[in-house]
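Written out below as structure tokens is the structure these notes cover.
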Amino acid sequence: MTTPTGQATGPDGPARTDPTVSGVPIVLDEVTKIYPGQDTPAVDHVSLDLPAGHTTVFVGPSGCGKTTTMRMINRLIEPTSGTITIDGEDNRRLDADTLRRSIGYAIQASGLFPHMTVAQNVATVPRLLKWNRKRIRERVDEMLELVGLPPGDYRDRYPAQLSGGQQQRVGVARALAADPPVLLMDEPFGAVDPITRASLQDELLRLQAELHKTIVFVTHDFSEAVRLGDRIAVLGPGSSVLQFDTPEAILTSPADETVSGFIGDDAALKTLTLRRVGDVDLGTTTTARASESPADFASRLRGTSDEWAVVLDEAGRPLRWVRGDRVAQMPDLGSGGQLVSGTVTVDSTLQEALDGLLSTASATTVVVDHEGAYRGTLGIDDLVDELRRIHHRHTDDPTSPAGNDPVDRS
């Protein structure tokens, strides 16, 4: 295996160079695992091409072989037959220990060594690779900063002194410490509460947008697969590949009834996690600065059909919702009306927007940019229209490109 260079190679030779991608492609070709004393394969002739720099999620019921399939990539489990290549190189030709040190590995409940400090845990692989002390210390601090744990506060703590979510962050930092091109994650967030789990998922998405590793993520939770995966492999018994495609394609065009049953009855709502607010045509409403006179604003509103308007501060940030028919009676625009709350950014998912707008009286939420400035509005009707567009696109054209290429989550 080579160190990450951004030069991806596939089964047919070198692929296009992308300097932003630090991951490498992985190809599973007819991979089978039969445990001693067993007649039925745990993994039965699985073939998959995992693209460089993207997150592929293995999802399926317990016992289907998804973890076994993943562990054969770093040879924690040796395949009975078949070939696994990483960046074009057969993983069986490499020394097993060398292979594992070049692949990050994060598991459920973090797997931290309890007798080691946070810094010592993160430094595990760099130390095995015989990095010098200065380089190790700098890398440990860099990794802790990357996962949101200030080194000065956390470097010398022990795992028992951390929350479950903090332990998982340290586990991810340890897996990334030697800058591996491949990161294997075996249900890493399965042992934490739902709120912490959502936070860790957000953190992984942020990290991947920056690092562009090749991530193989195992979960039994289809919602988690949709949220994190650029591509999803829905696996059945023996890791049989029931469908391997983008989250949107699987949600809108499941391969069969088994896949449909695994998705559940809320497939349409799950597609909202795949779209960002900035991808949708936003609504508009009349706006005014808080310093404008109510009389002037009321005059402008008379030429519109807006029942509600938005008052902005001098930096263009939304302050208040005001009723158009009551503006003229207001002493000033900086008071009265209703405070704008529950705004969403252009980077929020449509699912997050739905959660926000359902808490408003008008079923409409204000959209802001990265600096908090007003960009538009989003209402429940806009979300329904977007769901219709997604449905019709796949109904009218089941071979839509959306089902062929990984989702761009950057």
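Start at 1 with the first residue, then count along the sequence.
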Next on the checklist: Using modelled atom types and a 3.5 Å cut-off, is there a donor and acceptor pairing between side-chain atoms of T32 and backbone atoms of H45?
Outcome noted: yes
Item to check | Qualifying residues under side chain to side chain contact (heavy atoms under 4.5 Å, CB included), relative to A160, sequence neighbours excluded | outcome: none
Next on the checklist: I'd like to know if the side chain of K66 and the backbone of G60 have a donor-acceptor N/O pair within less than 3.5 Å.
Outcome noted: yes
Item to check | Test salt bridge (charged side-chain N to carboxylate O under 4.0 Å, His left out) applied to R206 - qualifying residues, sequence neighbours left out | outcome: E203, E210
Item to check | Exam field: side chain T246 to backbone R231, donor-acceptor pair closer than 3.5 Å | outcome: no
Checklist outcome for this item: Looking only at heavy atoms, the pair that brings R75 and D95 closest together is NH1-C, 4.5 Å
Next on the checklist: Parallel, tilted or perpendicular, judged at 30° and 60°: which one describes the rings of F189 and F217?
Outcome noted: tilted
Checklist entry - Which of these, I136, D141, L144, sits in a side-chain contact (heavy atoms from CB on, under 4.5 Å) with V122? => result L144
Checklist entry - Do we get R174 above F113's six-membered ring, with its NZ or CZ under 6.0 Å from the centre and within 45° of the axis? => result yes
Item to check | Rounded distance [0.5 Å steps], NZ in K134 versus CZ in R139 | outcome: 14.0 Å
Checklist entry - Should the heavy atoms of other residues, nucleotides or ligands under 6.0 Å from CG of D381 be counted, would the total exceed 12? => result no
Item to check | Shortest non-hydrogen contact from G379 toward D382 | outcome: N-OD2, 2.7 Å
Checklist entry - Which heavy atom in V43 sits nearest to a heavy atom in G65, and how many Å separate them? => result CG2-O, 3.7 Å
Next on the checklist: Please tell me whether S239 and T69 have a donor and an acceptor in their side chains that are separated by less than 3.5 angstrom.
Outcome noted: yes
